[in-house]
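Ligands are counted one by one from 1 in listed order, and the atoms in each one are counted from 1 as well. Here the structure is a predicted model, which means the values were calculated and not measured.
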Amino acid sequence: MTRNLPLHKKAKALKPGSRRPAKELCSECGLCDTYFIHYVKEACAFINQQIDKLEAQTHTRCRNLDNPDELYFGVYQEMMAARKTEPIPGAQWTGIVSTIAMEMLNKGMVEGVVCVQNSKEDRFQPVPVIARHPEEVLAARVNKPTLSPNLSVLEQVEKSEIKNLLVIGVGCQIQALRAVEKRLGLEKLYVLGTPCVDNVTRSGLQKFLETTSKSPDTVVHYEFMQDFRIHFRHEDGSVETVPFFGLKTNQLKDVFAPSCMSCFDYVNSLADLVVGYMGAPFGWQWILVRNERGKQMLELVKNQLQTQPVTSKGDRKTAVQQSIPAYDRGVTLPMWAAKLMGAVIEKIGPKGLEYARFSIDSHFTRNYLYLKRNYPQKLQTHVPEFAKRIVEQYKLPES
Ligand code: FAD
Ligand code: SF4
């Protein structure tokens with residue numbers, strides 16, 4: 001009976017908690033929880049970095065490294081700042097992601113949406129689902145700021161009658177998804193991505209909240225905002241802000257997952273449409289339409305959005321260069337100095353796209369150093385060419 005099955009269907013998914021092929025670099029994307037583990041050596045973002053090949057497959061071309069915006073943000077047709085005229089209560093920002101996904105189901109463009117709800121006991125414990133109804137998408141709104149095995153539902157997709165699917169996910173999940181896309185038996189796959197950085201395991205998240213917030217158990221939502229502060233929203237609706245420069249870097253150095261310390265796909269290069277915030281003014285979301293499929297998805301909700309062109313102000317380079325040794329030495333400022341520094345940087349610091357470049361530069365230089373020190377044998381193949389060019393702009397410590 002099993003003789004004519006595609007090879008992957010004979011493969012065995014790994015049991016929860018067992019060591020993954022990418023070992024400590026595994027981001028728990030979920031692929032290895034399915035029989036698609038058969039393709040892991042080729043598909044895993046941490047075993048086989050192949051962003052340029054997959055860009056060509058997805059967008060019909062790779063990013064143009066000589067175009068300064070594509071070097072940073074990847075292949076795109078259009079970029080804008082947007083917000084919902086009527087924001088969705090409880091969404092991470094204004095709920096553009098959930099709205100697009102719900103409209104795609106309502107209009108019959110897709111029969112299912114891969115998204116992440118949370119467990120009953122824990123608002124931050126991710127539970128990936130295939131949503132068939134808009135209410136199930138709505139129940140998945142807001143970030144679960146932890147590694148999430150989104151691709152663990154792929155086996156169910158292939159076994160279902162779904163032919164048109166939307167997947168919502170972060171860069172490492174989408175890299176693996178693109179690598180197995182043709183094996184899923186779909187007619188159309190739509191991908192709605194978010195940028196992603198500094199993700200953590202569930203226990204790492206607890207440590208981060210306990211080290212940084214005054215009331216870790218009541219946090220319902222948090223974000224590293226463009227005003228150089230982390231905004232924690234609590235159950236009672238109050239907002240607590242902590243300046244980036246006041247983070248207890250010395251205690252938090254090992255809190256981020258090794259996968260995220262070695263990731264260079266901050267802007268989700270392989271999604272059709274990306275919805276984040278970091279290239280937009282404070283309070284607005286940032287949208288990158290990468291290809292025609294992404295354009296169709298955005299068109300569905302344009303009448304529910306206010307939009308404005310993206311802008312760019314300031315010069316990030318000095319701030320990035322200064323932050324490299326400070327982070328490396330785990331410097332933590334006293335809170336009064338951190339607040340003062342935050343206020344000054346907010347006034348004169350990078351804004352709009354320049355803020356996005358600031359964040360990309362800071363993370364790529366940090367991650368390049370991490371890889372060089374911990375996985376020197378991976379440095380050449382794991383760092384994409386665009387990231388090497390970005391990192392080359394800065395002077396890094398010798399060792
Ligand atoms: P909502 O309508 O609230 O929908 C959120 C969607 O995210 C849901 O559909 C859910 O399925 C999905 N989701 C939730 N948690 C996860 C997860 N762990 N993995 C995969 N999918 C998930 N944007 C930036 O511009 N810069 C950043 O540095 C940045 N870091 C991020 C880090 C993480 C871990 C995540 C998940 C997102 C990050 N984003 C970042 C994206 C940003 O925070 C918002 O998610 C995005 O702008 C969409 O907001 P929204 O209100 O439209 O989303
Ligand atoms: Fe498997 Fe995904 Fe982990 Fe890679 S990151 S080892 S594909 S679960």
Side-chain angles (χ1 to χ4, degrees), residues 13-14 18-34 36-37 39-48 73 82-84 87-102 113-118 124-129 131 136-152 166-177 179-180 192-200 202 205 221-226 256-257 259-260 263 266-268 274-280 284-288 301 305 355-356 359-360 362-363:
L14 290 179
S18 57
R19 195 162 164 82
R20 296 331 203 206
K23 304 187 179 114
E24 58 282 355
L25 285 183
C26 172
S27 69
E28 298 171 26
C29 78
L31 189 85
C32 296
D33 304 344
T34 71
F36 291 104
I37 188 178
Y39 303 109
V40 66
K41 282 198 179 137
E42 191 207 331
C44 175
F46 303 96
I47 297 176
N48 181 30
F73 309 129
R83 61 184 178 198
K84 282 205 70 197
I88 297 183
Q92 183 70 16
W93 282 77
T94 69
I96 295 179
V97 167
S98 300
T99 305
I100 292 172
M102 289 193 287
V113 175
V114 174
C115 53
V116 191
Q117 297 178 349
N118 57 288
F124 289 136
Q125 183 65 47
V127 179
V129 296
E136 293 166 304
V137 171
L138 194 61
R141 69 193 182 284
V142 80
N143 291 357
K144 288 48 178 201
T146 56
L147 302 177
S148 171
N150 284 27
L151 302 188
S152 60
L166 168 68
V167 175
I168 300 171
V170 298
C172 55
Q173 300 158 357
I174 303 307
Q175 282 184 57
L177 175 72
V180 300
L192 176 44
T194 65
C196 180
V197 80
D198 291 348
N199 216 341
V200 287
R202 184 61 189 86
L205 173 64
H221 168 290
Y222 75 84
E223 193 75 89
F224 286 71
M225 294 278 192
Q226 300 101 318
F256 301 125
S259 53
C260 307
C263 169
Y266 194 168
V267 295
N268 213 324
V274 178
V275 180
Y277 65 90
M278 65 184 178
W284 290 70
Q285 293 187 255
W286 177 49
I287 297 191
L288 284 153
V301 302
L305 304 181
Y355 175 86
S359 195
I360 291 171
S362 310
H363 287 95

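Side chains of Glu28 and Ser148: a donor-acceptor N/O pair is absent below 3.5 angstrom, by distance only. No side-chain donor-acceptor contact under 3.5 Å links Gln125 and Asn118.
Taking each of Cys172, Gly171, Ala140 in turn, the one with a heavy atom nearest to atom 10 (C) of ligand 1 proves to be Ala140.
Counting only heavy atoms from C-beta outward, the side chains of Ile100 and Leu192 approach each other to under 4.5 Å. A heavy-atom distance below 4.5 Å is not found between the side chains of Arg141 and Gln92. No side-chain heavy atom of Val274 sits under 4.5 Å from any side-chain heavy atom of Val267. Between Val129 and Cys115 the shortest side-chain heavy-atom distance falls below 4.5 Å. In this structure the side chain of Leu166 never reaches within 4.5 angstrom of the side chain of Val114, judged on heavy atoms. Between Ile88 and Met102 there is a side-chain heavy-atom pair separated by less than 4.5 Å. Here the side chains of Cys172 and Cys263 are not in contact, with every heavy-atom distance at 4.5 Å or above. The side-chain heavy atoms of Lys41 and Asn48, taken from C-beta on, include no pair separated by under 4.5 Å.
Set against the non-hydrogen atoms of Gln285, the atoms of ligand 1 under 4.0 Å away are 47 (O), 48 (C), 49 (O), 50 (P), 51 (O), 52 (O). Contact atoms of ligand 1 toward Gly95: 2 (O), 50 (P), 51 (O), 52 (O) (distance under 4.0 Å to a heavy atom of the residue). In summary, the atoms of ligand 1 found under 4.0 Å from a heavy atom of Val170, numbered by their order in the structure, are 19 (N), 20 (C). The atoms of ligand 1 that sit less than 4.0 Å from any heavy atom of Asn150 are 20 (C), 21 (N). Counting atoms of ligand 2 from 1 in the listed order, those under 4.0 Å from a heavy atom of Ala22 are 6 (S). Heavy-atom contacts of Cys196 reach the following atoms of ligand 1: 30 (N), 31 (C), 32 (C), 33 (C), 34 (C) (cutoff under 4.0 Å). Near Thr194, the atoms of ligand 1 lying under 4.0 angstrom from a non-hydrogen atom of the residue are 37 (C), 41 (C), 45 (O). For ligand 2 and Val40, the ligand atoms under 4.0 Å from any heavy atom of the residue are 1 (Fe), 7 (S). Each of the following atoms of ligand 1 lies closer than 4.0 Å to a heavy atom of Gln173: 19 (N), 20 (C). Atoms of ligand 1 found under 4.0 Å from any heavy atom of Ser98, numbered from 1 in the order shown, are 1 (P), 2 (O), 4 (O).
The N/O atoms of Tyr266, backbone and side chain alike, include one that comes under 3.5 Å of an N/O atom in ligand 1. Checked against a 3.5 angstrom limit, the closest N/O atoms of Gln92 and ligand 1 fall inside it. Close N/O approach between Ala91 and ligand 1 is not found [any backbone or side-chain N/O within under 3.5 Å]. Looking at ligand 1, you won't find any N or O of Asn199 less than 3.5 Å from one of its N or O atoms. In terms of polar-atom proximity, Val116 is counted as a contact of ligand 1, with an N or O under 3.5 Å from an N or O of the ligand. Checked by distance only, ligand 1 and Glu223 come closer than 3.5 Å through their nitrogen or oxygen atoms.
Counting protein heavy atoms only, atom 25 (O) of ligand 1 is closest to Tyr277 N, 2.8 Å. Given atom 5 (S) of ligand 2, the protein heavy atom at minimum distance is Ser27 N, 3.4 Å. In terms of protein heavy-atom proximity, atom 15 (N) of ligand 1 is nearest to Lys144 N, 2.9 Å. Atom 6 (C) of ligand 1 has Val97 CG1, 3.8 Å as its closest protein atom, hydrogens excluded (heavy atom only). Protein heavy atom at the shortest distance from atom 38 (C) of ligand 1 is Pro195 O, 3.0 Å. Looking only at heavy atoms of the protein, atom 1 (Fe) of ligand 2 is closest to Cys32 SG, 2.3 Å. Scanning the protein heavy atoms around atom 45 (O) of ligand 1, the nearest turns out to be Asn143 OD1, 2.9 Å. Among protein heavy atoms, atom 4 (Fe) of ligand 2 sits closest to Cys44 SG, 2.4 Å. Considering only non-hydrogen protein atoms, atom 9 (O) of ligand 1 sits nearest to Ile168 CD1, 3.5 Å. In terms of protein heavy-atom proximity, atom 51 (O) of ligand 1 is closest to Trp93 N, 2.7 Å. For atom 46 (C) of ligand 1, the closest heavy atom belonging to the protein is Val275 O, 3.4 Å. Shortest contact from atom 2 (Fe) of ligand 2 to any protein heavy atom: Cys29 SG, 2.4 Å.
Trp286 and Tyr277 have their aromatic ring centers separated by at least 6.0 angstrom.
Residue-level proximity to ligand 1 for Thr94 is carried by the backbone, the only part with a heavy atom below 4.0 angstrom. The proximity of Phe224 to ligand 1, defined as any non-hydrogen pair under 4.0 Å, does not occur for either the backbone or the side chain. With a 4.0 Å cut-off on non-hydrogen atoms, Val142 touches ligand 1 through its backbone and not its side chain.
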Test side chain to side chain donor-acceptor pair (under 3.5 Å) applied to Asp198 and His363, step by step: CA-CA 9 Å; Asp198 291 348; His363 287 95; 3.0 Å; yes
Stepwise side-chain contact (heavy atoms from CB on, under 4.5 Å) check, Leu205 with Tyr222: CA-CA 11 Å; Leu205 173 64; Tyr222 75 84; 3.5 Å; yes
Steps toward side-chain contact (heavy atoms from CB on, under 4.5 Å) verdict (Phe224, Met278): CA-CA 9 Å; Phe224 286 71; Met278 65 184 178; over 6 Å; no
side-chain contact (heavy atoms from CB on, under 4.5 Å) evaluation trace for Ser27 with Phe46: CA-CA 8 Å; Ser27 69; Phe46 303 96; 3.4 Å; yes
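The nearest pair of heavy atoms linking Thr34 to Leu31 is OG1-O, 2.7 Å. Residues Gln173 and Ile168 approach most closely at OE1-O, 4.4 Å, considering heavy atoms.
Atom 3 (Fe) of ligand 2 lies under 2.8 Å from an N, O or S atom belonging to Cys26.
Between the side chain of Asn268 and the main chain of Gly169, a donor-acceptor pair closer than 3.5 Å is present.
Salt bridge Glu24/Arg19: present, at least one basic N to carboxylate O contact under 4.0 Å.
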